[in-house]
Amino acid sequence: IFSSKLRAQKEYLLYSGCIFFDIIFGLTYTIAAVYRFLLAWNNTYFPLFTTYQCILTPHIILFVYITPGAGVLVFVCSIDRLFGVFFPIKYMKTTANYVIILFSITFTIPLLMLIASIITSSRANTIHNQQATCTTAQGTTADMYMMLRLTRVVGSCACAVVYIPIFARIYMNIHAMSRAQVSSNSTKKLLRTTSTVVLITLNTILLFTTPDIILLINPKTTSNFFYILNLNKGVVNLVIFFATQHTLREAFLSFIKCR
């Protein structure tokens, strides 16, 4: 984002979109912590909210947004990789606007689900039966809460299926190049980008999707451990980005030095 050279490259715009989602993700947990701390500090007993009051709290608005957003993001990224691997010439001809349109769709879908959640929760604004600390389940109706989690689970699992033909095609390309003793910079770049996105997807499946599936099967499962897993998802993604992308590391260090 801070480098005009990198902004012109689709791969780094793709990374920027993923990092931007992680920023929203981290902001969500930070706001939730501050909100609950202030609530505990200013009240001897937690007041009771309606479901509608809960969903209008800042952290629940963001939680409702990022819950389906995580599944949508990894699925869209897998479709992008499928396009890049199977139609490399057409992919290379696309401009940065392609990624902008891709992420416009990606960030709009969870926004529409957030609006739907607020509308459905507005009908539950008479009974004060939710703790003011508020969780996503307390701020949404049962059906909407199920839909939010299923979107994340289905999106994550679907992208795992999409990566099967991607890996098969990459293996065939590398094997053919190895036999011909030819090295292609574009193929290496494609492989590096795909590897980064795959690691991000695996991180989402392990720290998000697996807990979601367990909680959907057994809602009574204690979720504190899963909350910690969710909390560390963004940190792991940052490690993945900087560990797999040498150019990204250099650009970030250059930006820090300029400051």
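Not measured: the values here are computed from a predicted model.
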Is any side-chain heavy atom of T28 closer than 4.5 Å to a side-chain heavy atom of F25? no
Is the backbone of C134 close enough, under 3.5 Å, to the side chain of R36 for a donor and an acceptor to pair up by distance? yes
Not counting sequence neighbours, which residues clear ring-ring contact (aromatic ring centres under 6.0 Å, His included) with F63? List them please. Y29
Is any side-chain heavy atom of I127 closer than 4.5 Å to one of T50? no
Is there a chain of hydrophobic side chains (I, L, V, M, F, W, Y, each step under 4.5 Å between heavy atoms) that links V74 to V85? no
Do the side chains of V99 and I105 join up, straight or via other hydrophobic residues, at under 4.5 Å, putting them in one cluster? yes
When you group the ILVMFWY residues by side-chain heavy-atom contacts below 4.5 Å and let the links chain together, are I101 and L14 in the same group? yes
Summary of ring-ring contact (aromatic ring centres under 6.0 Å, His included) pairs that have at least one residue in residues 114-169, sequence neighbours excluded: none
Within this structure, what is the CZ-OG1 distance for the pair F87 and T94, rounded to the nearest 0.5 Å? 13.0 Å
Taking side chain to side chain contact (heavy atoms under 4.5 Å, CB included) as the test, write out the residues that go with N203, two or more places apart. L207, K233, V236, N237, I240
Check P110 against T106 and note the closest heavy-atom contact, atom names and distance. CD-O, 2.9 Å
Give the intermediate values and the outcome of side chain to side chain contact (heavy atoms under 4.5 Å, CB included) for residues M113 and V64. CA-CA 8 Å; M113 297 189 74; V64 171; 6.0 Å; no
Between L148 and T67 the two heavy atoms that sit nearest each other are O-CG2, 3.7 Å
Do the side chains of L62 and F20 join up, straight or via other hydrophobic residues, at under 4.5 Å, putting them in one cluster? yes
Looking at every non-hydrogen atom in both residues, tell me the closest pair between Y52 and I118 and how far apart they are. CE1-O, 3.8 Å
Which atom of L111 lies closest to which atom of Y65, heavy atoms considered: N-CE1, 3.4 Å
Under 4.5 Å side-chain linkage, directly or through intermediates, the cluster mates of V154: none
So with a 6.0 Å cut-off around CD1 of I89, is the heavy-atom count from everything else above 12? no
Please report the interatomic distance SG(C18) to CG(L13), rounded to the nearest 0.5 Å. 11.0 Å
CD1-CG distance between I109 and L114, expressed to the nearest 0.5 angstrom: 14.0 Å
Partner residues of Y35 under the ring-ring contact (aromatic ring centres under 6.0 Å, His included) criterion, sequence neighbours left out: H59
Taking all non-hydrogen atoms of both residues, which atom of I60 and which atom of I55 are closest, and how far apart? CG2-CA, 3.6 Å
Quick one: name the residues clustered hydrophobically with F37, using the 4.5 Å side-chain heavy-atom rule over I, L, V, M, F, W, Y, and just say none if it's on its own. V34, L38, W41
Spacing of OG1 belonging to T57 relative to CD belonging to Q130, to within rounding of 0.5 Å: 11.0 Å
Listed partners of L27 passing side chain to side chain contact (heavy atoms under 4.5 Å, CB included), at least two apart: I31
Using side-chain heavy atoms (C-beta onward) and a distance below 4.5 Å, is Q138 in contact with T51? no
pair P68-R152: side-chain heavy atoms closer than 4.5 Å: no
Quick one: does D80's side chain get under 4.5 Å of V76's, heavy atoms only? no
Hey, could you give me the OG1/CG distance between T204 and L199, rounded to the nearest 0.5 Å? 11.0 Å
Which pair of heavy atoms, one from T120 and one from S117, lies closest together, and at what distance? OG1-O, 2.9 Å
Taking disulfide bond (SG atoms under 2.5 Å apart) as the test, write out the residues that go with C159, two or more places apart. none
Listed by chain and number, what are the side chain to side chain contact (heavy atoms under 4.5 Å, CB included) partners of L82, not counting sequence neighbours? F86, V162, P165, I166
Which residues pass the disulfide bond (SG atoms under 2.5 Å apart) test with C77, not counting sequence neighbours? none
Hey, are the side chains of N125 and Q53 touching, using non-hydrogen atoms and a 4.5 Å cut-off? yes
Test of understanding: with side chain to side chain contact (heavy atoms under 4.5 Å, CB included), list the residues that count as partners of I213, not counting sequence neighbours. V153, T209, I217
Got a sec, which residues hit ring-ring contact (aromatic ring centres under 6.0 Å, His included) with F83, two or more places apart in sequence or on another chain? Y91, Y98
Starting at OG of S156, measure out to CG of L202 and round the result to the nearest 0.5 Å. 10.5 Å
T201 side chain near F75 side chain, heavy-atom distance below 4.5 Å: no
